[in-house]
Every structure is written in C-alpha cells, then in structure tokens.
Amino acid sequence: MSLSGKTLFISGASRGVGLAIAKRAAADGANVALIAKTAEPHPKLPGTVYTAAKEIEDAGGHALPIVGDIRDGDAVAGAVATAVAQFGGIDVCVNNASAINTGAVEDVPLKRFDLMNGIQVRGTYAVSQACIPHMKGRENPHILTLSPPIRLEPKWLTPTAYMMAKFGMSLCALALAEELRPYGIASNTLWPRTSVATAAILNLRGGEESMKRSRRPEVYSDAAYAVLNRPSRDYTGRSLLCEDVLLESGVTDLSVYDCVPGADLRIDLWVDAADPPGYVGPTPDRRTTTEAKL
C-alpha cells in the first residue's frame, strides 16, 4: 500500500484527526492541500494551517496550506483550483472539517445550528463537488467523509442539531457513492468506536479525564490510510468504523492505540462497543459498554 505521488485535498486539517491523516499520507511522499480557517494561533486550539503544513513537510510530504471557509463555495472552488494548478489533479478528497455542540434542542441557538450544518453538510457538499471533476480518470480516486453510520434507533436520534449535521455528512457521502460509481470514484464514511484524543475532546467533551479514556488520532489515520488504498471501484458506499477496518487490515492488538493502556474507553456516539464483535485483545475484560456522555 502506498499513497506516493497521490494528491489529497483535506478540509480542516490544521490539527487533530485531519492533520494525522495528512501526515500518514505524507510519510509516503504524498501531496497534501489543506484548507482551514485557522491562520493565526487560537488561545485554546493548537496549530494553524501553516504549522500543519510544516508538520506535513517534515513527515515527508508536499504541503499547500490554504486559508478559507468551506461554507464559501467560491473560496472552495478557488482552493481546489490552486491545488490542481500546483499538483496536477486530485486523487483523494477528505471531508474532515466539523463543528460540535451536543446540547439539547433548547440549548443550541440557531446561529450554532447554522454553523454546524453549514460546515458539516454544506461544506462536505461544496468540497466534494469542487474536487470531483479533477478526480475523474485518476487512478484509484477516493472521497472519505469522517462521519458516523446512520443509526435510527431512538437513542441515537439525539442530540438533535449535532445528529442532523453529522448524519447529513453521511447521507451526502453515501449518495455520492451511487452517483460516482460510473466513474470509479469511491465514497465512504469513517468513524471511530471510541472518542479520539483531540482538542475537541479536551475542551468540549470532558477534559483530561476523557482524553485518558480515548484512543490516539492514529487509530483514525491508520484506518483512513487503509481505506484510501482499497480499490475504489469495489470499495465504496460503506459506513466504516476505524477499528473494524484496522482488524480487516491485519492489526491484531487495538490497545496500541489507547492513550492510557488498560483504560475504560469512552465509547463514541452512534456505536455500541469499543471493539468489533469477536475481537479478543490482550485484555478483553477491561472493555465496558459505557456510552459517550452528552
């Protein structure tokens, strides 16, 4: 497997999972165009689009940092055109950018609702739409959207606003899989079984304690790397979970991704367990069915 010579266009890759995916591809010598709003350091969030580009270059890749808002169709079109002019085309589109607010319907103002649905739904659509013409005819082109499986059991229909935004991403990705089958462009979703140690978890979802009960971002980037190396004409239209992809790819010990060995892992939204069915790791008795707390 290799992404050598491939060009990735990634939204929101200035930190966290998006940056981890970019650096995993960069280790193969890939080209990475990254669009994000963070041009200046944020007091609570690490990194900018420029520091991310430096990390990608240091990892062995070629980076093109672009400051932009993916809700702005013209900005997205311009960013994609710049990436194509520099790298000659696009092989992979990763829809990573996302905003989070897991408040109840009475606690999420319309401004925040618009932000989440603008970034998640409109942004995913805009970035994918702009990339697709430049992916046609490429060898093994993939669209990968970082969103959950669509679960319609009553307990997974909340929190309303965040659910609508994340399910909107997934619906877009699955619809694209059908539209793009004739062109051999894959479109899949990818989601972790547990929380992943990012700034969002630290600042919004429980602080240091939740970080300790999370898996490292590499659980996402290694799984994404495996998906992006699968044959695009056959491996499409799937709602994938990171840990399941890793086991299918030959990983036998998921505990290597734990931030704290043996921790009681915090199960993410829209999944039922920290590990795939039938998985027997080094210490399976430590797993619980504790669900993510909103």
Q. Are Asp91 and Glu139 close enough that some pair of their side-chain heavy atoms sits under 4.5 Å apart?
A. no

Q: Indicate if Ile21 and Val49 have the same hydrophobic cluster label, given that clusters are the connected sets of ILVMFWY residues with side-chain heavy-atom separations under 4.5 angstrom.
A: yes

**Q.** Between CD on residue Gln120 and CE on residue Met164, distance to nearest 0.5 Å
**A.** 12.0 Å

**Q.** Whether Tyr279 side chain and Leu254 backbone form a donor-acceptor pair below 3.5 Å
**A.** yes

Q: Please examine the side chains of Ile56 and Leu34, heavy atoms only from C-beta on, and report whether any two atoms are closer than 4.5 Å.
A: yes

With a cut-off of 3.5 Å and sequence neighbours excluded, list every side-chain donor-acceptor pair involving residues 125-135.
from, atom 1, to, atom 2, distance (Å)
Ser128, OG, Asn95, ND2, 3.0
Ser128, OG, Thr124, O, 2.8

**Q.** Reference residue Tyr162; test ring pair (Phe, Tyr, Trp, His ring centres under 6.0 Å); the match among Trp156, Phe167, Trp270
**A.** Trp270

Q) Which heavy atom of Ser221 sits nearest a heavy atom of Arg24, and at what distance? A) O-CG, 3.9 Å

Q: Measure the NE2-NZ distance between His142 and Lys6 for me, rounded to the nearest 0.5 Å.
A: 8.5 Å

Q | Name of the residue among Leu146, Val94, Ile10, Val219 meeting side-chain contact (heavy atoms from CB on, under 4.5 Å) with Val17 | A | Leu146

Q) What pair of heavy atoms forms the shortest contact from Pro217 to Val196, and how long is it? A) CA-CG1, 3.5 Å

Q: Decide if atom CD of Glu248 counts as having more than 12 heavy atoms of other residues, nucleotides or ligands within a radius under 6.0 Å.
A: yes

Q. With no hydrogens and no angle check, is any side-chain donor or acceptor of Asn101 less than 3.5 Å from a backbone partner on Gly103?
A. yes

Q: Taking Tyr220 for its side chain and Leu190 for its backbone only, find out whether a donor-acceptor pair lies under 3.5 Å.
A: yes

Q.
If you count every heavy atom of other residues, nucleotides or ligands that lies below 6.0 Å from Glu40 atom CD, does the total exceed 12?
A. no

Q | Test log, rule side chain to side chain contact (heavy atoms under 4.5 Å, CB included), inputs Asp222 and Tyr257 | A | CA-CA 10 Å; Asp222 286 356; Tyr257 295 105; 2.8 Å; yes

Q.
Let me confirm one number: the CG-OG1 distance from Leu176 to Thr189, rounded to the nearest 0.5 Å.
A. 12.0 Å

Q: Might you work through the side chain to side chain contact (heavy atoms under 4.5 Å, CB included) test for Asn31 and Phe9, ending with a clear yes or no?
A: CA-CA 9 Å; Asn31 308 313; Phe9 189 94; over 6 Å; no

(Q) Applying a strict under-4.5 Å side-chain criterion to I, L, V, M, F, W and Y, I'd like to know whether Leu174 and Val245 cluster together. (A) yes

Q) Applying the 4.5 Å side-chain criterion to the ILVMFWY set and letting contacts propagate, would Val84 and Val76 be lumped into a single cluster? A) yes

**Q.** Arg216 with Glu218: basic N within carboxylate O range, under 4.0 Å
**A.** yes

(Q) If I compare all heavy atoms of Ala25 with all of Leu3, which pair ends up nearest, and what's the gap? (A) CB-CD1, 3.7 Å

Q) If you measure from CE on Met1 to CG on Leu228, what distance do you get to the nearest 0.5 Å? A) 10.0 Å

**Q.** Chi angles and distances behind the side chain to side chain contact (heavy atoms under 4.5 Å, CB included) call for Arg112, Leu115
**A.** CA-CA 5 Å; Arg112 189 67 184 183; Leu115 175 68; 3.2 Å; yes

Q) Linking I/L/V/M/F/W/Y whenever their side-chain heavy atoms sit closer than 4.5 Å, directly or via other members, would Val271 and Leu269 fall into one cluster? A) yes

Q | Greater than 12 external heavy atoms within 6.0 Å of Tyr235's OH | A | yes

Q. Does the side chain to side chain contact (heavy atoms under 4.5 Å, CB included) test come out yes or no for Arg15 and Thr198, once each step is laid out?
A. CA-CA 8 Å; Arg15 63 182 66 89; Thr198 63; over 6 Å; no

Q) Could you state the interatomic distance from CG (Asp258) to CG (Leu265), rounded to the nearest 0.5 Å? A) 4.5 Å

Q: Check whether any side-chain N or O of Thr51 sits under 3.5 Å from a backbone N or O of Thr48 as a donor-acceptor pair, and report yes or no.
A: yes

Q) Are any side-chain N or O atoms of Thr236 and backbone N or O atoms of Ser232, one a donor and one an acceptor, separated by less than 3.5 Å? A) no

Scan the side chains in residues 59-73 for donor-acceptor partners under 3.5 Å anywhere in the protein, sequence neighbours excluded, and list what turns up.
from, atom 1, to, atom 2, distance (Å)
Asp69, OD1, Arg71, N, 2.9
Asp69, OD1, Arg71, NE, 3.1
Asp69, OD2, Arg71, NE, 3.2
Asp69, OD2, Arg71, NH2, 2.9
Asp72, OD1, Asp74, N, 3.0
Asp72, OD1, Ala75, N, 3.2

Q: May I have the step-by-step check of side chain to side chain donor-acceptor pair (under 3.5 Å) for Arg151 and Ser239, ending in yes or no?
A: CA-CA 11 Å; Arg151 301 284 301 270; Ser239 296; over 6 Å; no

Q: Please name the residue in the list Asp275, Asp244, Asp272, Asp268 that meets the salt bridge (charged side-chain N to carboxylate O under 4.0 Å, His left out) test with Arg193.
A: Asp244

Q. Do any N or O atoms from the side chain of Ser170 and from the backbone of Pro148 form a donor-acceptor pair under 3.5 angstrom?
A. yes

Q.
Given 3.5 Å as the limit, does a donor-acceptor pair link the side chain of Asn229 with the main chain of Ser2, or not?
A. yes

Q | Exercise: identify the closest heavy-atom pair between Ala13 and Ala52 | A | O-CB, 3.5 Å

(Q) Please determine whether residues Leu157 and Val108 belong to a single hydrophobic cluster, defined as Ile, Leu, Val, Met, Phe, Trp and Tyr linked transitively by side-chain heavy-atom distances below 4.5 Å. (A) yes

Q. If only atom types and distance count, is the side chain of Ser11 paired as donor or acceptor with the main-chain N or O of Ile35 below 3.5 Å?
A. no

Q: Provide the closest heavy-atom pair for Ala173 versus Ser187 in the form atom of the first, atom of the second, distance.
A: O-OG, 2.7 Å

Q. Are any side-chain N or O atoms of Glu243 and backbone N or O atoms of Pro192, one a donor and one an acceptor, separated by less than 3.5 Å?
A. no

Q. Ala161 and Phe113: which non-hydrogen atoms are nearest, and at how many Å?
A. CB-CD1, 3.8 Å

Q.
Quick check against the 3.5 Å criterion: does Arg213 have a side-chain atom that pairs as donor or acceptor with the backbone of Asp264?
A. yes

Q. How far does CZ of Arg215 sit from OG1 of Thr194, to the nearest 0.5 angstrom?
A. 4.5 Å

